[in-house]
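Naming convention: chains lettered A, B, ... in sequence-line order (proteins, then strands); numbering from 1 in each chain.
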Protein chains: 2
Amino acid sequence: MRKFGDDSAQLDDRLDGARGGEVGILERSGGGPAGRTLALLWRNRRERTAEAVPPRLGRKPTLDLDAVVTAAIALADVQGLAAASMNGVAKALGVGTMTLYTYVPSKDELLDLMVDQVLGERELPGPGEPRPADWRDQIELYSEQTRAMFRRHPWLARISTIRPPVGPGMLAGREYLLSACAVLGLPARQTNTAALAITTYVDSAAGLEAESEQVERTTGQSNDAWWHERNDLWETYFDVERHPTMTAIWNANGYGDGTREAADESYRFGLDRLLDGIEALTANQS
Amino acid sequence: MRKFGDDSAQLDDRLDGARGGEVGILERSGGGPAGRTLALLWRNRRERTAEAVPPRLGRKPTLDLDAVVTAAIALADVQGLAAASMNGVAKALGVGTMTLYTYVPSKDELLDLMVDQVLGERELPGPGEPRPADWRDQIELYSEQTRAMFRRHPWLARISTIRPPVGPGMLAGREYLLSACAVLGLPARQTNTAALAITTYVDSAAGLEAESEQVERTTGQSNDAWWHERNDLWETYFDVERHPTMTAIWNANGYGDGTREAADESYRFGLDRLLDGIEALTANQS
DNA sequence: TCAGTTTTCGTAGGGTATACGAGAATACGC
DNA sequence: GCGTATTCTCGTATACCCTACGAAAACTGA
């Protein structure tokens, strides 16, 4: 990634075309790469800036950005993130590989766009829209929408969430979660950390869940079969004296079966305990 | 990964050499790839099987498996996971790239070995060894050791933990955490799910923290500077009406500064709330 | 000394992202 | 209707990635 220079005059031109008034977006924003990425992320919310005016001159484009992003997502959903290579996406769209670079500055940027797109797919009520009355039900809604998102797009779990795409999808998700946490009436700082703790757990647990199911599907090997393949572990290497608690839990059947219901129960257990802990703060306050 | 056939007769031979008695490990285990990986993971715990007998015949090896794994870890620590390519590791060791395949069947296996190695670096008391008396202090120990591990090896956060390497390092970590959770006297099933919830949170939060610090180091750009680069967001795209809670928290200074102390506080807040929730279960029981 | 065994590693082949530049397609001014 | 400026398309080349294959080197025991 970003091994070579970062020229991309092509795309600058394209974005200068989408100008709103006298000055192009990139000029107004200093033209940095962050400004360019923001312009792409927020392309569908142009009301606040200006209408996107497509350039009149030159050859007509055969695609648009949405088509590229959508194709990349579809490919990653079905065949895994590795299949969403520039080559793969181009082939799926029936164009040459390099054609994609007319629409997207780099693979990294494409990933950002994919991520924000699917983050925005979650059906979360905006401000003023009807939502569950109870605090926990509001969080539950967030949790279930996020889980469903990860299940639809398991590749999400393999993308780093530090310095994420700051697009409409991500912001809508955060706004909803924060507004749900705000119901508790905690101080602003605690409201934010509570929301942070919840995303940390939900994103991680939902990602693991989705990835696990995906691996079962793509390898055709159930998790049980995978463990069974490691039968040697217990017979040859595992030392009961060194692992008394694991042994005890095993003997008490504490590991559960590998069913989806058991995984679901684990997921909910962790989230419920976390919410219990957060809720307890308000009880002490009043 | 694993694009081509999976022959690796070379390594089978090597492991057959490390036999314990009449029958080679791989024969006893059916010779599957899982058995081979287990043999490599547990190479330093041969007491339970037999001594590793190095082959007398043939050219002497210039390296050993530990040297390869250690070099790969060192490279990933300093230069990032991408630097730990087969080529990169070989260069660091002063050998040809393909020489590594004498010691490791594939890059995937090398990653497994790296992961189990660093998991085992955590200084967690084994069964019978002295440990903190209080339950929370025991968890705290696990949490801090794990955080330190992620800080030393930020690349860990970018490796999937589904179907992890089932080696001595991973098992020691799980044993300790489970034994700490067992103190609470919950049913076996709940003890396990509680431990699962804790790892989910700790691994994720510690990984994010470590990755964030690493990105600040390697890009030379602080998180504050990164946000500042996205100044446009607020000026051009952000809609206050659509994001009232974010706005309110911002105005109440609820996002905190980007200092390490603030991140530490967030981390602890989430973990403490989770532990509160788990602990509350025992209160209801008695 | 030589045969058998093991390790070393160059080469080749298929994958990845992307810089560069030539050519095709379109719109506008004349 | 004809340049010409502009824009999009995409083949080629470069620098990486992993690893199969096979020849040569190094070592042991007979």
Participant: Whether A:Lys107 contacts C:dA17 is assessed here as follows: a side-chain N or O lying under 4.0 Å from the phosphate OP1 or OP2. Is that the case?
Facilitator: yes

Participant: Between B:Gly88 and A:Gly94, name the one whose nearest nucleotide on DNA chain D is closer to the 5' end.
Facilitator: A:Gly94

Participant: Take atom CZ of B:Arg59 and atom P of D:dG29, then tell me their distance rounded to the nearest Å.
Facilitator: 18 Å

Participant: Apply side-chain hydrogen bond (donor to acceptor under 3.5 Å, both in side chains) to the pair A:Ser204 and B:Asp203, showing each step before the final yes or no.
Facilitator: CA-CA 9 Å; A:Ser204 174; B:Asp203 286 2; over 6 Å; no

Participant: List DNA chain C stems (3 or more consecutive Watson-Crick/G-U pairs, under 3.5 Å)?
Facilitator: C:1-30 with D:1-30

Participant: Does C:dT8 have OP1 or OP2 sitting under 4.0 Å from an N or O in the side chain of B:Tyr103?
Facilitator: yes

Participant: Measure the acute angle between the ring planes of A:Tyr201 and A:Tyr267, then classify it against the limits of 30° and 60° as parallel, tilted or perpendicular.
Facilitator: tilted

Participant: Would you indicate, yes or no, if D:dC8 has its OP1 or OP2 atom less than 4.0 angstrom from a side-chain nitrogen or oxygen of A:Thr62?
Facilitator: no

Participant: Taking all non-hydrogen atoms of both residues, which atom of B:Arg174 and which atom of B:Thr199 are closest, and how far apart?
Facilitator: NH1-CG2, 3.9 Å

Participant: Over how many whole Å does the gap from A:Leu65 atom CG to D:dC8 atom C1' extend?
Facilitator: 15 Å

Participant: Does B:Ala71 have any side-chain contact (heavy atoms from CB on, under 4.5 Å) partners at least two apart in sequence or in another chain, and if so, which?
Facilitator: B:Val89, B:Leu93

Participant: Just the rounded figure in Å: distance from C1' of D:dT7 to CG of A:Leu63.
Facilitator: 14 Å

Participant: Please report, rounded to the nearest Å, how far the C1' atom of C:dA27 is from the NZ atom of A:Lys60.
Facilitator: 8 Å

Participant: Under 4.0 Å from OP1 or OP2 of D:dC16: is there any side-chain N or O of B:Asn87 that close?
Facilitator: no

Participant: Look at A:Thr102 and D:dT9 and indicate whether a side-chain polar atom (N or O) is within less than 4.0 Å of OP1 or OP2.
Facilitator: yes

Participant: Whole-Å distance between D:dC17 C1' and B:Leu110 CG?
Facilitator: 14 Å

Participant: Return yes if a side-chain donor-acceptor contact under 3.5 Å exists between B:Glu109 and B:Ser106, otherwise no.
Facilitator: yes

Participant: Within the 4.0 Å heavy-atom criterion, would you say A:Gly96 contacts the bases, only the backbone, or no part of the nucleic acid?
Facilitator: sugar-phosphate

Participant: Using only side-chain N and O atoms of A:Thr99, determine if any of them is under 4.0 Å from OP1 or OP2 of D:dC8.
Facilitator: no

Participant: Once you round it to whole Å, what is the distance between P of D:dC8 and CG of A:Asp64?
Facilitator: 12 Å

Participant: Under the side-chain hydrogen bond (donor to acceptor under 3.5 Å, both in side chains) test against A:His153, which residue among A:Gln117, A:Glu121, A:Gln214 passes?
Facilitator: A:Glu121

Participant: Begin from the C-alpha positions of B:Asp112 and B:Thr37 and carry the test side-chain hydrogen bond (donor to acceptor under 3.5 Å, both in side chains) through to its verdict.
Facilitator: CA-CA 9 Å; B:Asp112 275 356; B:Thr37 304; 5.5 Å; no

Participant: Hey, can you pull the residues of residues 74-86 of chain A with a non-hydrogen atom under 4.0 angstrom from DNA chain C?
Facilitator: A:Ser85, A:Met86

Participant: Counting just side-chain N and O atoms, does A:Tyr101 come under 4.0 Å of either OP1 or OP2 of D:dC8?
Facilitator: no

Participant: At their closest point, which heavy atom of A:Arg158 faces which heavy atom of B:Ile159, and how far apart are they?
Facilitator: NH2-C, 3.6 Å

Participant: Once you round it to whole Å, what is the distance between P of D:dC27 and CG of B:Leu57?
Facilitator: 13 Å

Participant: Nearest whole angstrom, please: distance from the P of C:dT6 to the CE of B:Met98.
Facilitator: 19 Å

Participant: What's the separation between atom OH in B:Tyr103 and atom CG in B:Leu40, rounded to the nearest 0.5 Å?
Facilitator: 13.0 Å

Participant: May I ask you to decide if A:Ala39's main-chain N or O and A:Arg43's side chain share a donor-acceptor pair within less than 3.5 Å?
Facilitator: no

